Amino acid sequence: MILLPCPWCGSRDAGEFSYGGELTPRPDPRTATREQWRNYLYLRDNVAGWTTERWYHRMGCRRYLTVRRNTVTNEVAAP
Amino acid sequence: MRESRPIARSPITPASPEVIVEGWAVSGRRSRAGLTLTDCTPAAKVVLKASAEGTIPERLGVPFGRAATQTWTLGGHDVAVIIVGSGPGEWLVLAPPGAGAGVFDRVTALAAESTGDLVSVLDLSHGRALVRLTGARSADLLAKETAVNLADAVCPNGSALRSALAGLAADIVRDDRGSARSYLVHCERSSGQYLFDSLLDAGAEFGIDVNGFVPPEI
Amino acid sequence: MTALSDRVHLRNGHARPSRYSAFALLRHGVTGESWPLAWRTHEPRHSYDVVVVGGGVHGLATAYYLARNHGITNVAVVDKSYIGSGGSGRNTAILRSNYLTPDGVRFYDRSLTLYQRLAAELNYNVMFSRRGHLTLAHNDSSLRTMRWRAEVNKACGVDSEVIGPDDIKTLVPFMDTSTQTRYPILGALYHPPGGIIRHDAVVWGYARAADAMGVHVHQDTEVTGIDVEGGRVTGVRTNRGSIATNVVVNCAAGWATLVSDLAGVRLPVQTFPLQAAVTEPVRPFLDTVVVSGTLHVYVSQTDRGELVFGASVDPFASYSTRGSLEFVEGLASHVLQLMPSLSPLRLLRQWAGLCDMTPDFAPIMGHTAVEGFLVDVGWGTYGFKAGPVAGEAMAECIATGRTPELISAFGLRRFADGTLVGEKGAAAVGH
């Protein structure tokens, strides 16, 4: 079982959350080139190790949160 | 006047005998078991959403994660309502069946007083299911279906939380009846029968029984 | 001792393994001789014409077809662990070609054809078992998609048809086809050519056949760097030394981005685990493959009698191959909805494989912006069944320098150009 630290609800089982994926900065859609936008849509670092990602607590407070997770061991740390 | 035809039905089939209360078909069964499950779906359920940082939390007097019973005067009558801080900036107001319109007006008026805040008020009485589980072993039963720690030190009387229960997203409210440990469980209407059956199934080992709904007490 | 001398002889890299035959089996049975190793071990050369990264079915098939179809034998296949240690040894070994788009159907039909004759071609028993493949429809929309798939399949000459609950019950008597379930079965896409195969044997068979033609298979050889000079690949660095080469092929599946990053090529790939489990063996009772997209489960019975279950990918990206309790709970409830009589069965073990998922659930194949760095990645949850055709196409790509028509839609450029592939509907269970 993986526990995620929800700032509102406390530690909860990862099954209560939806995975939002790796935190990727969104370019300004008004000024971004087509390539920048497509890179933002499709490219991910896919790190094997510690990464920063978004999760949504769909079965709890229904808020988004940022989590640091090790993708190899699934250890979780506060952001 | 004795009503003979229901206006509304809970998603949960009433255990016989079926009786009509405030237009709702409910179970007229009376149980003296140590652990009982009651379908309280006829209760009025109004949801208020506002900013967690605005003035509403102070006016309601109930923060996220807590629940409290208050007496509201609606249409000249004193009505006991349960206010649940069900999420950050989200409250659920439970009231006896028939009080829905009064609660809705009261909450809307309260929301209107809040300035500079985006608020929404929804009457979800017919969109949600509500059950009450009462008895010393109620926490043991719930522990079979949720991962949340329900010990007194973590979830004392007056606690409210939303979590996965039997695979559903459900609001769990610790609301003891006198000295008896008791929980309200609130979920989507379409999951009501499943939740009820699942609790009865898991409660069999504790001798659970169905008890009918007797308003005004939720 | 013949066996020992055989082995020493083979290690030195001079002799080829003997042919497997009924006569050889008899001879070894009578004399008690050990079998020679199926492939040799070597010290890495200083240079190769082609270095394939990843010793799974894709990498080994690429090397095999390079040697067999194009005469390119100065090839190394390197794997950081043992061959078949990744997705090739962790998948549920299901083969089929009942896809949704004509491109998808033709591609997988070619793969199925190669698989069907693989045992004879490789002189290795890969235990292909053609047993029919059922994809269940639990709602109107999936039934409509099944009809669509059946028509596309027939138009491409692939045997598929939609059948009703009665016919399903005849094929799988243990299936609950009643209307009293949470997700009643309305029909199924029945695909008789589908089946299962022994996945490890496919890996070993390709390795042995490639080895026999002079390909070097280097296990426990991890690529730690890829040298690129002036936009061209010049070599790879490994934990066993540097190797000069002008062509590197990334067949690393779940670890695809880690390898591509070494060459400075970014891929739109995220790694998700996919879990599977197997029960204790029971008497044969299930002679078709059963898949339910709605319930996210697929079931087949191996020749040993074990039931093999698979699901969709885990709900979050990870490189962890540990199993989870959530998976087993969900799996059990889904399987029992299909076949309630399986409830006394016990699970023997569960595991996970890593899937390299792309945004359009289609693979990425061919050349990249770095000359000499090719990719055969993004195979997600359906890489095993494409192994032979992917190897054949990649070999052609390398040997001729041109991208074969069969894989032209799968180029990395499509993400920059916005020409994504639409094979979600039938690519796998769960999406």
Side-chain angles (χ1 to χ4, degrees), chain A residues 1-32 37 40-41 44 46-79, chain B residues 47-54 57 62-67 84-92 118 120 122 124 128-129 142-156 159-174 185-188 190-191 194-195 198:
Chain A
M1 185 161 100
I2 300 167
L3 290 175
L4 297 181
C6 174
W8 290 97
C9 306
S11 284
R12 292 287 181 86
D13 176 36
E16 291 190 9
F17 299 79
S18 294
Y19 179 60
E22 177 181 306
L23 200 58
T24 17
R26 183 176 186 258
D28 186 338
R30 289 166 304 187
T31 56
W37 190 254
Y40 161 68
L41 283 181
R44 297 291 180 269
N46 199 30
V47 172
W50 286 98
T51 181
T52 305
E53 51 196 20
R54 296 289 275 171
W55 288 76
Y56 172 63
H57 197 184
R58 70 191 162 95
M59 293 173 105
C61 58
R62 297 175 187 159
R63 296 290 176 114
Y64 282 87
L65 60 149
T66 303
V67 174
R68 292 270 299 155
R69 185 173 61 97
N70 187 312
T71 58
V72 177
T73 61
N74 283 332
E75 287 172 279
V76 171
Chain B
V47 167
L48 165 66
K49 286 185 181 176
S51 160
E53 290 78 34
V62 180
F64 166 55
R66 300 292 301 166
V84 181
S86 51
E90 186 182 327
W91 292 266
L92 172 67
L118 199 63
S120 75
L122 270 177
L124 289 172
R128 298 286 165 82
L142 291 177
K144 290 173 71 176
E145 306 207 317
T146 181
V148 171
N149 185 352
L150 296 167
D152 286 338
V154 183
C155 288
S159 308
L161 57 97
R162 194 183 291 136
S163 183
L165 181 81
L168 304 171
D171 292 295
I172 303 169
V173 180
R174 170 89 182 266
V185 181
H186 176 254
C187 71
E188 296 285 344
S190 53
S191 306
Y194 163 74
L195 174 71
S198 166

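Bear in mind that the values here come from a model prediction, so they are computed numbers and not experimental data.
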Next on the checklist: Quick one, A/Phe17 and A/Val67 - any side-chain contact, counting heavy atoms below 4.5 Å?
Outcome noted: no
Item to check | From CG (A/Asn46) to OG1 (A/Thr71), nearest 0.5 Å | outcome: 7.5 Å
Checklist outcome for this item: Interface check, chain A: of B/Gly87, B/Gly65, B/Pro88, most non-hydrogen pairs under 4.5 Å belong to B/Pro88
Checklist entry - Checking heavy atoms, do the side chain of B/Leu168, its backbone, both or neither come under 4.5 Å from chain A? => result backbone
Checklist entry - Is there a donor-acceptor contact under 3.5 Å linking the side chains of A/Arg54 and A/Thr66? => result yes
Next on the checklist: Give me the atom names and distance for the closest heavy-atom approach of A/Glu22 to A/Tyr19.
Outcome noted: N-OH, 4.0 Å
Item to check | Contacts of type side chain to side chain donor-acceptor pair (under 3.5 Å), residue A/Thr24, not counting sequence neighbours | outcome: none
Considering distance alone, list the donor-acceptor pairs between chain A and chain B shorter than 3.5 Å.
unit_1  : atom_1 : unit_2   : atom_2 : d
A/Arg12 : NH1    : B/Arg162 : O      : 2.6
A/Arg12 : NH2    : B/Arg162 : O      : 3.4
A/Glu16 : OE2    : B/Ser163 : OG     : 2.3
A/Glu16 : OE2    : B/Ala164 : N      : 3.3
A/Met59 : O      : B/Ser163 : N      : 3.4
A/Gly60 : O      : B/Arg162 : NH1    : 2.7
A/Arg63 : NH2    : B/Pro88  : O      : 2.8

Checklist entry - When rounded to the nearest 0.5 angstrom, what is the spacing between CZ in A/Arg68 and OG1 in A/Thr52? => result 4.0 Å
Checklist outcome for this item: Heavy-atom nearest pair, B/Val185 first then B/Ala170, reads CG1-CB, 3.9 Å
